[in-house]
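Here is the naming used below: chain letters follow the sequence lines, and residue numbers restart at 1 for every chain. Owing to the predicted nature of the structure, the values given are computational and were not obtained by experimental measurement.
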Amino acid sequence: AQSVTQPDIHITVSEGASLELRCNYSYGATPYLFWYVQSPGQGLQLLLKYFSGDTLVQGIKGFEAEFKRSQSSFNLRKPSVHWSDAAEYFCAVSGGGGNKLTFGTGTQLKVEL
Amino acid sequence: DGGITQSPKYLFRKEGQNVTLSCEQNLNHDAMYWYRQDPGQGLRLIYYSQIVNDFQKGDIAEGYSVSREKKESFPLTVTSAQKNPTAFYLCASRIQGGPGNEQFFGPGTRLTVL
């Protein structure tokens, strides 16, 4: 069965600092990986996705993620965080019947001004 | 504008009552999904449907029911059999096809059972 682990429940960074959110996945075949962001009380918005090709993926809002098969990881990065980036971030893997998404438990990002 | 609508935003019900959450999409997507979100647990799949008049159970279907009579609509009923129904419920849809196609999410409904 597929699974996703986000080891950091909360992360606090200062505005302008760099950010890396960790994601490890378990999936038997080629993984299809996603990062979503959720503002409080809102739905999820897709930041970026990976399913083949270049292992460094660019997304919206200045985010990028790097797929590392040897480490089963898909970490999200941003060089300089803005206060508006404060939100909850979810990593997900797709597969199986119905192309279901399996989500990690999320990382809550706080940005200090 | 194309998108997914969930109504109402907030819903309050007494214990023992069934309640139906609405999800409508005008994206012409074939597949639709219902998730439940609880603090610290991420999103868990309740039911999904890949085509009209067909749906499958997800990981936590007990106490829930769905229907898919129209392509645009996928309502979720939270029955009195659901032991802990208070949660944030999210509906999503996607174009049919391979697993690389992303899901699009609605704004969610927060259900509180008193």
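- A:Tyr89 and A:Leu48 fall within a single hydrophobic cluster, where Ile, Leu, Val, Met, Phe, Trp and Tyr side chains are chained together by heavy-atom contacts under 4.5 Å.
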Step-by-step side-chain contact (heavy atoms from CB on, under 4.5 Å) determination, B:Leu90 to A:Gln38: CA-CA 12 Å; B:Leu90 287 158; A:Gln38 183 183 36; 4.0 Å; yes
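- Looking at A:Leu46, only its side chain comes within 4.5 Å of chain B, counting heavy atoms on both sides.
- At a heavy-atom cut-off of under 4.5 Å, chain A is reached by B:Leu45, B:Tyr48, B:Gln50 from residues 45-66 of chain B, listed in order of number.
- Both A:Val93 and A:Val57 are assigned to one and the same hydrophobic cluster, defined by single-linkage of ILVMFWY side chains at heavy-atom distances under 4.5 Å.
- Ranked by heavy-atom pairs shorter than 4.5 Å toward chain B, the options A:Gln108, A:Glu88, A:Lys49 are led by A:Lys49.
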Derivation of the side-chain contact (heavy atoms from CB on, under 4.5 Å) call for B:Leu43 and A:Leu44: CA-CA 10 Å; B:Leu43 280 73; A:Leu44 276 66; 4.1 Å; yes
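- If you chain together hydrophobic residues whose side chains sit under 4.5 Å apart, A:Leu19 and A:Trp35 fall into the same group.
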Audit row: B:Phe105, A:Gln45, side-chain contact (heavy atoms from CB on, under 4.5 Å) steps and yes/no: CA-CA 7 Å; B:Phe105 284 80; A:Gln45 180 183 21; over 6 Å; no
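- Connection of A:Phe67 to A:Leu101 is not established within any shared hydrophobic cluster, with ILVMFWY side chains joined at heavy-atom distances below 4.5 Å, either directly or through further cluster members.
- Remark: B:Glu15 CD is loosely packed, at most 12 non-hydrogen atoms of other residues, nucleotides or ligands lying under 6.0 Å away.
- Within a 6.0 Å sphere centred on CG of B:Leu114, heavy atoms belonging to other residues, nucleotides or ligands number more than 12.
- Heavy-atom proximity under 4.5 angstrom to chain A picks out B:Tyr33, B:Tyr35, B:Gln37, B:Gly40, B:Gln41 from residues 28-41 of chain B.
- Within a 6.0 Å sphere centred on CD1 of B:Ile95, heavy atoms belonging to other residues, nucleotides or ligands number 12 at most.
- Each of A:Phe103 and A:Leu21 belongs to its own hydrophobic cluster when Ile, Leu, Val, Met, Phe, Trp and Tyr are linked at side-chain heavy-atom distances under 4.5 angstrom.
- Heavy-atom pairs under 4.5 Å with chain A were tallied for B:Arg94, B:Gln6, B:Lys9, B:Gln103; the largest tally goes to B:Gln103.
- Only the side chain of A:Tyr36 has a heavy atom closer than 4.5 Å to any heavy atom of chain B.
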